[in-house]
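To start, the structure under review is shown below, and the notes come after it.
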Amino acid sequence: MTASLMVKVQKRMSYINRNVLGRKRETIEQEVIEEEEELPEIGNMKINLMTETLQDRETLIEDCLELYDKTSEKPNVLLKGLHKIFLDYAFTHPLPSGFKSLDASQPWLLYWIGNSLKLLNRNWLTADYQKRILSKLWSISPTGGPFNGGKHQLPHLTTNYAAINAIALCDVEHRDDKQEINKQAIYDWLISLKTDGGAFYTVKPVGEQDVRGVYAALTVASLLGIMDEKLIDGVTDFLIRCQSYEGGFGGCPGDEAHGGYTFCAVASLALLDALDKINIQTLMSWCSSRQAREERGLNGRSNKLVDGCYSFWVGGTAAILEAYGYGVCIDKHALKQYILRCCQEEGVPGLRDKPGKQPDYYHTNYVLAGLSICEYSFEATKKNECCTFDITATPLSSSCDVEPINPIFGLPEQDVRRLILQNATSNTM
């Protein structure tokens with residue numbers, strides 16, 4: 001910089017300081033010499049991020065591997081007689097007081113217990129048991145539908161699903177003259193629950209609007225032969241919007257993918273003949289990702305523990321995709337190992353969620369349904385015009401532990417076929 005230019009800069013700075021900034025002191029210029037600073041060498045850092053879920057999974061893996069090692073030389077068998085004791089108990093003894101919390105779920109208990117018995121052996125749901133199931137349902141809902149969860153309660157979509165499933169397990173000859181299903185009342189009620197967005201309220205006048213309600217409404221309508229265009233209008237679009245970026249389905253559009261909701265959505269789309277309208281490849285990838293390599297069972301969401309009930313919720317989803325020609329996306333053999341070695345315990349009646357948990361009727365039913373997924377292959381057929389949702393199950397081996405199911409309904413295939421044919425040939429609505 002020249003001397004003359006330096007003088008001009010200094011004068012300009014003096015003017016700014018004095019007249020613009022109001023400073024009384026002159027600006028002092030200092031020369032700053034930067035020295036290079038030696039930085040410490042940073043080595044490789046390992047951060048161990050351990051959450052409660054990860055700790056629980058480590059424990060679960062150890063428990064499963066121990067069971068696989070202990071039972072490696074024992075045959076893989078279902079302890080059918082032992083589990084029958086657990087199920088018969090509900091028909092022969094008063095249930096413990098803790099079951100009062102399930103007062104609004106009485107049809108569910110009938111379905112879980114009755115379905116479990118029939119999956120183990122069709123003859124184990126005796127004529128007496130069937131009559132008592134029907135008597136209980138009509139004592140709760142004397143008009144024959146829509147069905148309540150308990151006496152003096154509002155009808156609910158999910159309890160209607162459970163009630164119709166329980167009725168499907170019972171031969172029609174075990175009903176008396178007053179035990180007729182009021183299909184017209186159920187249809188009108190379903191229509192009243194329909195939303196403008198293509199979903200259904202689970203209960204009137206308020207309730208959730210998610211894929212559970214859609215599934216319950218469509219399965220009831222399908223089994224009773226009352227499904228029509230008015231009932232299903234807009235439903236497919238709602239279900240499509242529930243598929244998440246992961247490939248599975250959430251309860252509502254934008255929700256996280258979940259095993260139970262995914263099953264409800266996929267089964268509903270199968271009933272609507274609309275599986276081709278979703279992203280099948282990401283769905284199958286998501287289902288495959290639910291199977292843990294070490295435990296061999298299925299979980300319901302990313303980064304969650306395996307649970308025996310998802311043997312049906314996710315396994316059933318996979319079976320539906322298999323039936324409609326999309327291929328197999330879970331390891332059935334590995335899942336069967338988890339069910340037989342980790343979901344039952346020698347000397348303990350009933351089936352459980354995972355090692356360390358206690359058996360219950362809910363898990364007993366869905367673990368057995370999941371075992372049926374493992375023991376059969378599935379193919380959807382339309383050979384019978386009255387039964388457009390017919391799925392044929394073919395045994396994968398010469399001996400199977402449980403009866404074949406129709407994975408859309410979670411019921412023995414024979415009972416699904418019988419009820420649909422009965423309602424297709426009757427004109428009571």
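Just so it is clear, the values below take in all heavy atoms, side chains as well, and ignore hydrogens, waters and symmetry mates. Quantities reported herein were computed from a predicted structural model and do not represent experimental measurements.
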Just checking [X]: does its [atom1] atom have more than 12 heavy atoms from other residues, nucleotides or ligands closer to it than 6.0 angstrom?
| X | atom1 | answer |
| --- | --- | --- |
| Lys84 | NZ | yes |
| Asn303 | CG | no |
| Asp196 | CG | no |
| Glu379 | CD | no |
| Tyr201 | OH | no |
| Gln55 | CD | yes |

Is the backbone N or O of [Y] less than 3.5 Å from a side-chain atom of [X], with the two atoms forming a donor-acceptor pair by type?
| X | Y | answer |
| --- | --- | --- |
| Asp69 | Leu65 | no |
| Asp171 | Glu173 | no |
| Gln153 | Gly150 | yes |
| Ser139 | Lys136 | yes |
| Arg290 | Val314 | no |
| Ser285 | Thr282 | no |
| Thr219 | Tyr215 | yes |
| Thr159 | Pro155 | no |
| Ser288 | Cys329 | yes |

(message) Checking Phe86 against Tyr361 for the ring-ring contact (aromatic ring centres under 6.0 Å, His included) test, could you report, in this order, the C-alpha distance in whole Å, the side-chain angles of both residues, the deciding distance, and whether it holds?
(response) CA-CA 9 Å; Phe86 181 65; Tyr361 293 125; 4.6 Å; yes
Show me the donor-acceptor pairs, under 3.5 Å and distance only, between side chains in residues 229-243 and residues at least two apart or in other chains.
| residue | atom | partner | partner atom | Å |
| --- | --- | --- | --- | --- |
| Gln243 | OE1 | Asn279 | N | 3.1 |
| Gln243 | NE2 | Gly247 | O | 2.9 |
| Gln243 | NE2 | Asn279 | O | 3.0 |

Between [Y] and [X], does any NZ, NE, NH1 or NH2 come within less than 4.0 Å of an OD or OE carboxylate oxygen?
| X | Y | value |
| --- | --- | --- |
| Asp63 | Lys354 | no |
| Arg352 | Glu345 | yes |
| Arg57 | Glu295 | yes |
| Asp415 | Arg418 | yes |
| Asp390 | Arg417 | yes |

Pair [X], [Y]: side-chain N/O donor-acceptor within cut-off below 3.5 Å:
| X | Y | value |
| --- | --- | --- |
| His93 | Asp88 | no |
| Gln414 | Asn406 | no |
| Ser302 | Glu246 | yes |
| Asp276 | Tyr324 | no |
| Thr202 | Glu208 | yes |

Taking all non-hydrogen atoms of both residues into account, name the closest pair between [X] and [Y] and its distance.
| X | Y | value |
| --- | --- | --- |
| Leu283 | Gly248 | CD1-CA, 4.3 Å |
| Leu67 | Pro355 | CD1-CG, 3.6 Å |
| Asn148 | Ser141 | N-OG, 2.8 Å |
| Leu157 | Gly213 | CD1-O, 3.4 Å |
| Asn115 | Pro412 | OD1-CD, 3.1 Å |

How about [X] and [Y]: do any of their side-chain heavy atoms sit closer than 4.5 Å?
| X | Y | result |
| --- | --- | --- |
| Ile408 | Ile391 | yes |
| Leu218 | Val214 | yes |
| Lys336 | Lys332 | no |
| Leu78 | Val402 | yes |
| Ser268 | Val211 | no |
| Asp360 | Thr364 | no |

Any chance you could measure [X], atom [atom1], to [Y], atom [atom2], to the nearest 0.5 Å?
| X | Y | atom1 | atom2 | value |
| --- | --- | --- | --- | --- |
| Ile167 | Leu224 | CD1 | CG | 8.0 Å |
| Ser399 | Glu375 | OG | CD | 8.0 Å |
| Lys357 | Leu351 | NZ | CG | 16.0 Å |
| Leu305 | Asp353 | CG | CG | 8.5 Å |
| Leu54 | Thr51 | CG | OG1 | 3.5 Å |
| Leu223 | Phe409 | CG | CZ | 4.5 Å |

(message) Between Asp331 and Gln291, does the side-chain hydrogen bond (donor to acceptor under 3.5 Å, both in side chains) criterion hold? Intermediate values first, please.
(response) CA-CA 8 Å; Asp331 186 337; Gln291 190 158 23; 5.3 Å; no
(message) Set out, in order, the CA-CA distance, both residues' side-chain angles and the distance that settles side-chain contact (heavy atoms from CB on, under 4.5 Å) for Tyr187 and Asp228, then state yes or no.
(response) CA-CA 10 Å; Tyr187 174 81; Asp228 62 9; 2.5 Å; yes
(message) Given the ring of Trp124, does Lys118 sit roughly above its face, with NZ or CZ under 6.0 Å from the centre of the six-membered ring and within 45° of the axis?
(response)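 Not flagged: Lys118 not positioned over aromatic ring of Trp124.
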(request) Answer yes or no for Arg212 and Tyr161: cation-pi contact, defined as NZ/CZ to six-membered ring centre under 6.0 Å and angle to ring axis within 45°. (result)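 Ring-cation test returns no.
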(request) Would you check, one step at a time, whether the test side-chain contact (heavy atoms from CB on, under 4.5 Å) holds for Tyr376 with Thr394? (result) CA-CA 5 Å; Tyr376 297 86; Thr394 303; 5.8 Å; no
(request) Verify ring-ring contact (aromatic ring centres under 6.0 Å, His included) between Trp138 and Phe147, making sure each step is shown before the conclusion. (result) CA-CA 9 Å; Trp138 262 266; Phe147 289 89; 5.7 Å; yes
(request) Measure centre to centre between the rings of Tyr261 and Phe249, then say whether the value is under 6.0 Å. (result) no
(message) If you take the centroid of each ring, where Trp contributes its six-membered ring, are Tyr366 and Tyr310 closer together than 6.0 Å?
(response)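 Distance test on ring centres: not under 6.0 Å, no.
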(message) Once you measure the plane-to-plane angle for Trp112 and Tyr362, does it fall in the parallel (<30°), tilted (30-60°) or perpendicular (>60°) bin?
(response) perpendicular
(request) Check the pair Phe312, Leu368 against side-chain contact (heavy atoms from CB on, under 4.5 Å), reporting the backbone distance first and the verdict last. (result) CA-CA 8 Å; Phe312 176 73; Leu368 290 174; over 6 Å; no
(request) Take Glu413 and Ile405, measure what side-chain contact (heavy atoms from CB on, under 4.5 Å) needs, and give me the verdict at the end. (result) CA-CA 5 Å; Glu413 63 168 358; Ile405 66 166; over 6 Å; no
